[in-house]
Amino acid sequence: MTSPHDRVRIIDTITLSDNWYILRKYVFDYLRSDGTWQRQEREAYDRGNGAVILLYNRSKNSVILIRQFRFPVFINGHDGFLIEAAAGLLEEKDPVSRIKAEAEEETGFHITEVEKVFEAFMSPGSVTEKLYFFIAEYQDNNRLNQGGGLKEEGEDVEVLEMTFDDALAAIRSGDIIDGKTIMLLQYLALSGRMA
């Protein structure tokens, strides 16, 4: 049996951009299921791997989300301000320590215990990024500061505390349209942790 790695032969790699992240064009031969080789070309955007976390409070039946401006969404016809779960790139660190730091930077909540729930590729046709998905319970006394992100990284984050029901309703109304956030809210709904 042929391994998946034996079905791809990279012929050439061309860096198209190395500005914000790295965009490369790949030329490769692919062994089709009928046994023939086919030459293909694809572009892949490499921004590194990331992590995302949904903070929830059972007794208050609430979640902590953020709202921030996303330029690619803006140029696709949206106002650009998305409601999301806190997230960030790993930057060569392990997912657990990185998501704890990101949660505190963006939301102001210091979280010590997180639960990894799954991993997913969000746009596998064009982006190399794999996301690590986490949930964690928060209490009001976990809040150390106002959050808001890091100004030097261009972040201008608004912290939102919503009831869990309002967050689910925001998916239905189209107010929450961020894929990773929808996935975590749906996971929490299916987990039976919230009333």
Side-chain angles (χ1 to χ4, degrees), residues 47 49-74 76-91 93-120 122-123 129-195:
R47 48 180 265 119
N49 294 328
V52 58
I53 190 164
L54 180 61
L55 304 180
Y56 68 98
N57 182 299
R58 289 184 220 225
S59 61
K60 293 170 67 174
N61 195 40
S62 61
V63 293
I64 298 294
L65 298 171
I66 60 171
R67 184 185 345 255
Q68 63 182 325
F69 180 73
R70 297 295 198 178
F71 183 74
V73 175
F74 175 77
N76 195 20
H78 188 274
D79 68 13
F81 289 90
L82 291 188
I83 297 173
E84 307 176 40
L89 295 176
L90 299 184
E91 301 169 348
K93 296 181 177 77
D94 70 280
V96 171
S97 62
R98 190 64 204 113
I99 200 56
K100 288 178 181 179
E102 196 68 34
E104 190 169 325
E105 288 170 13
E106 293 190 354
T107 70
F109 284 86
H110 177 73
I111 302 300
T112 58
E113 297 296 323
V114 299
E115 178 184 343
K116 180 181 165 194
V117 292
F118 51 83
E119 300 173 12
M122 298 300 292
S123 189
E129 179 184 31
K130 177 170 58 174
L131 275 181
Y132 296 83
F133 287 74
F134 295 91
I135 59 173
E137 282 199 72
Y138 76 92
Q139 302 300 326
D140 290 336
N141 63 1
N142 294 130
R143 191 158 201 182
L144 297 183
N145 58 60
Q146 295 304 306
L150 300 176
K151 185 176 182 180
E152 60 270 19
E153 292 183 5
E155 295 178 327
D156 184 22
V157 174
E158 177 187 359
V159 181
L160 308 171
E161 185 172 37
M162 303 174 72
T163 69
F164 185 59
D165 294 337
D166 285 348
L168 293 177
I171 296 171
R172 292 188 293 275
S173 70
D175 291 328
I176 293 179
I177 58 172
D178 174 64
K180 64 188 179 301
T181 304
I182 293 170
M183 291 167 70
L184 280 173
L185 288 168
Q186 293 291 343
Y187 174 86
L188 199 57
L190 294 171
S191 74
R193 295 169 200 245
M194 302 297 275

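None of these values were measured; they are calculated from a predicted model. These values consider heavy atoms only, across backbone and side chains, with no hydrogens, waters or symmetry-generated copies. Sequence positions, counted from 1, serve as the residue numbers for this chain.
Of the N and O atoms on the side chains of Ser173 and Asp175, at least one donor lies less than 3.5 Å from an acceptor on the other residue.
Looking at heavy atoms from C-beta onward, Phe133 lies out of side-chain contact with Leu54 at the 4.5 angstrom threshold. Arg58 is not listed as a side-chain neighbour of Phe164, based on a closest heavy-atom distance of 4.5 Å or more.
Side-chain N or O atoms of Arg98 include one that pairs as donor or acceptor with a backbone N or O of Leu89 at under 3.5 Å. Counting only distance, with no hydrogens or angles, the side chain of Asn49 and the backbone of Lys130 share a donor-acceptor pair below 3.5 Å. Not a single donor-acceptor pair under 3.5 Å links the side chain of Thr107 to the backbone N or O of Gly147.
Salt-bridge formation is not detected for the pair Arg70/Asp178: no Lys NZ or Arg NE/NH1/NH2 atom is positioned less than 4.0 Å from an Asp or Glu carboxylate oxygen. A salt bridge is absent between Lys93 and Glu102; no separation between the charged side-chain nitrogens and carboxylate oxygens falls under 4.0 Å.
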**Request:** Kindly determine whether Asn57 and Glu161 satisfy side chain to side chain contact (heavy atoms under 4.5 Å, CB included), including the steps that lead there.
**Result:** CA-CA 10 Å; Asn57 182 299; Glu161 185 172 37; 5.5 Å; no

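How far NE2 of His110 is from CG of Asn141: 11.0 Å, rounded to the nearest 0.5 Å. Atom CD of Glu137 is separated from atom CD1 of Ile111 by 9.5 Å, given to the nearest 0.5 angstrom.
Across all their heavy atoms, Ala87 and Lys180 have their closest contact at CB-CE, 3.6 Å. Pairing each heavy atom of Phe118 with each of Met183, the nearest pair is CE1-CE, 3.7 Å.
Relative orientation of the Phe69 and Phe74 rings is tilted, given thresholds of 30° and 60° on the angle between their planes.
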